[in-house]
Amino acid sequence: MAQLDLTSTIQLNNGVAMPRFGLGVWQTDNTTAAASVTAAIRHGYRMIDTAKQYGNEAGVGRGLAAAFADGSVRRQDVFVTSKVMNGDHGYERTLAKFEGTMRRLQLDYLDLYLIHWPVDGLYVATWRALEKLYRDGRVRAIGVSNFDVQRLQVLMRSATVQPAVNQVEFNPVMQEHEMRDFAAAHNIVVEGWSPLGGGQALSNPVVGLIAQKHHKSAAQIILRYDVQSGVVTIPKTVHEQRW
Ligand SMILES: NC(=O)c1ccc[n+]([C@@H]2O[C@H](COP(=O)([O-])OP(=O)(O)OC[C@H]3O[C@@H](n4cnc5c(N)ncnc54)[C@H](OP(=O)(O)O)[C@@H]3O)[C@@H](O)[C@H]2O)c1
């Protein structure tokens, strides 16, 4: 397979280039998120995955602002994702709450906005709001997270902008075959959360054997597997030596 690095991208269904590897910041407080985002960008990361639910959009915003200010990167060099929180579903509410996300992130456009979870009865209206944000140029791409095939089909039937991404759990013990086949057939990029299984996959004995054989760490083996599976990969770590 072609050489992969932190600048490798995959093309979304609207032509936007999305990095194939980025930093996740779930379970990271605002202060740590700010420091991690700035440092990870200096290390070459070009994608950050946050969500209103994580309570750290403000920290991510401070980290991005610091990286832009010190000249590490320009805004257009970093791909930033956030997500609609479950309590914010519905057309008007999603539009209103988006402004808070942008204020906390200190950004004037977002690269990818996802519906974090499919709240039944509301997610179709929420999707219409995302379509408006997309058409208005506030977000470069829109997608979903944690949607199964059936809910994706419901959304896609009434959509006027098709989802570019579905972010679901993916790692060596969570394969999502049905979803990945459906996504491939409909030009939807699959992005994998918990690519290290939340850290638990690191102690998998098979992974350990492969790591030993190739003189790599367990994390390196798993992340390589995730990326080579064609899934956009967003591991979380707050430790510089792991970036
Ligand atoms: N859409 C969704 O519903 C959803 C759900 C879950 C997650 N996500 C996104 O996906 C991202 C990643 O998922 P995740 O945070 O659940 O789990 P993950 O990335 O699979 O694993 C993170 C855990 O592994 C540890 N770790 C990372 N690199 C390591 C290494 N080289 N050696 C040993 N331990 C290591 C981290 O600890 P340290 O930080 O201490 O290194 C952390 O405890 C999240 O941060 C979030 O952005 C999305």
Side-chain angles (χ1 to χ4, degrees), residues 6 18-37 39-40 43 45-57 59-60 63-64 78-89 101 105 110-119 123 126 130 142-148 151-152 163-176 179 183 188-204 207-208 210-211 216-227 229 231-243:
L6 289 166
M18 177 181 189
R20 297 184 59 177
F21 197 88
L23 180 74
V25 295
W26 184 37
Q27 295 176 316
T28 308
D29 63 39
N30 274 300
T31 304
T32 311
S36 298
V37 165
H43 278 270
Y45 277 73
R46 291 294 176 263
M47 179 162 69
I48 309 295
D49 180 84
T50 185
K52 184 182 175 192
Q53 181 76 43
Y54 304 165
N56 60 20
E57 286 177 326
V60 169
L64 289 169
V78 187
F79 191 101
V80 184
T81 301
S82 194
K83 314 186 189 88
V84 179
M85 202 168 89
N86 287 358
D88 292 347
H89 273 254
T101 282
L105 288 172
L110 195 61
D111 296 281
L112 179 64
Y113 202 32
L114 304 176
I115 298 180
H116 204 150
W117 289 89
V119 175
Y123 66 78
T126 303
L130 264 58
I142 53 177
V144 297
S145 177
N146 300 303
F147 273 55
D148 57 21
R151 289 184 173 90
L152 252 184
V165 170
N166 188 13
Q167 186 184 110
V168 295
E169 182 174 2
F170 179 81
N171 51 56
V173 293
M174 181 61 81
Q175 294 284 310
E176 294 280 2
M179 167 53 63
I188 297 170
V189 164
V190 176
E191 182 175 21
W193 59 256
S194 290
L196 297 167
Q200 297 198 2
L202 294 164
S203 53
N204 182 297
V207 170
I210 299 170
K216 299 284 183 187
S217 70
Q220 285 173 313
I221 295 297
I222 296 172
L223 295 176
R224 185 79 194 179
Y225 170 86
D226 293 339
V227 174
S229 300
V231 172
V232 172
T233 300
I234 46 168
K236 173 259 175 186
T237 183
V238 296
H239 292 104
E240 192 158 1
Q241 72 273 18
R242 294 175 175 171
W243 287 329

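Ligands are counted one by one from 1 in listed order, and the atoms in each one are counted from 1 as well. For the numbers below, each heavy atom of this structure counts, side chains included, while hydrogens, waters and symmetry mates do not.
Residue Ile234 has at least one heavy-atom neighbour below 4.0 Å for each of these atoms of ligand 1: 9 (C), 10 (O), 11 (C), 12 (C). Close contacts between ligand 1 and Asn146 involve ligand atoms 1 (N), 2 (C), 3 (O) [criterion: under 4.0 Å to a heavy atom]. Remark: ligand 1 atoms within the under-4.0 Å shell around heavy atoms of Trp117 are 3 (O). Short contacts between ligand 1 and His116, defined as distances under 4.0 Å to a heavy atom of the residue, involve ligand atoms 1 (N), 2 (C), 3 (O). The atoms of ligand 1 that sit less than 4.0 Å from any heavy atom of Asp49 are 9 (C), 46 (C), 47 (O). Less than 4.0 angstrom separates some heavy atom of Gly198 from each of these atoms of ligand 1: 17 (O), 18 (P), 20 (O), 21 (O), 23 (C).
Among protein heavy atoms, the minimum distance from atom 24 (O) of ligand 1 is reached at Gly199 CA, 3.5 Å. Closest protein heavy atom to atom 45 (O) of ligand 1: Trp26 N, 2.9 Å. The nearest heavy-atom contact from the protein to atom 20 (O) of ligand 1 is Leu196 N, 2.7 Å. What sits closest to atom 35 (C) of ligand 1 on the protein, heavy atoms only, is Arg242 NH1, 3.5 Å. Protein heavy atom nearest atom 16 (O) of ligand 1, with residue, atom name and distance: Ser194 OG, 2.7 Å. Looking only at heavy atoms of the protein, atom 46 (C) of ligand 1 is closest to Tyr54 OH, 3.3 Å.
With a 6.0 Å radius and a threshold of 12 heavy atoms from other residues, nucleotides or ligands, Trp26 has its CH2 atom at or below the threshold. Under a cut-off of 6.0 angstrom, the local environment of CD in Gln220 is crowded, with over 12 non-hydrogen atoms contributed by other residues, nucleotides or ligands.
For Pro195, a nitrogen or oxygen atom sits less than 3.5 Å from a nitrogen or oxygen atom of ligand 1, counting backbone and side chain alike. Not a single N or O atom of Leu202, backbone or side chain, sits closer than 3.5 Å to an N or O atom of ligand 1. At least one N/O-N/O distance between Val238 and ligand 1 falls below 3.5 Å.
Relative ring orientation between Phe21 and Tyr45 is described as tilted, the plane-to-plane angle lying within the 30° to 60° band.
Tested against Thr50, the residues Thr101, Val37, Val25, Thr81 include a single side chain to side chain contact (heavy atoms under 4.5 Å, CB included) partner, Val25.
By the 4.0 Å N-to-carboxylate-O rule, Asp49 lies close enough to Lys83 to be salt-bridged with it.
Around atom 7 (C) of ligand 1, the closest heavy atom drawn from Trp193, Phe170, Trp243 belongs to Trp193. Closest heavy-atom approach to atom 25 (C) of ligand 1 among the candidates Lys236, His239, Gln200: Lys236.
Here the closest non-hydrogen pair linking Pro172 and Ile222 is CD-CG2, 3.6 Å. Across every non-hydrogen atom of Ala211 and Ala218, the tightest pair is CB-N, 4.0 Å.
Side-chain N or O atoms of Asn166 include none that pairs as donor or acceptor with a backbone N or O of Ala183 at under 3.5 Å.
Glu169 and Ser194 share no side-chain donor-acceptor pair at under 3.5 Å.
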Worksheet item: Can you list the steps and then say if His43 with Glu240 is a side-chain contact (heavy atoms from CB on, under 4.5 Å)?
Response: CA-CA 9 Å; His43 278 270; Glu240 192 158 1; 2.8 Å; yes

Discussion item. Could you walk me through whether Leu114 and Glu191 satisfy the side-chain contact (heavy atoms from CB on, under 4.5 Å) test, starting with their C-alpha distance in whole Å, then the side-chain angles of each, then the deciding distance to 0.1 Å, before giving a yes or no?
Written reply: CA-CA 11 Å; Leu114 304 176; Glu191 182 175 21; 4.2 Å; yes

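When non-hydrogen atoms are compared, ligand 1 lies under 4.0 Å from the side chain of Ala219 (C-beta onward) but not from its backbone. Within the 4.0 Å heavy-atom criterion, neither part of Gln27 lies near ligand 1.
Side-chain contact between Tyr54 and Thr28 is absent, with no heavy-atom pair separated by less than 4.5 Å.
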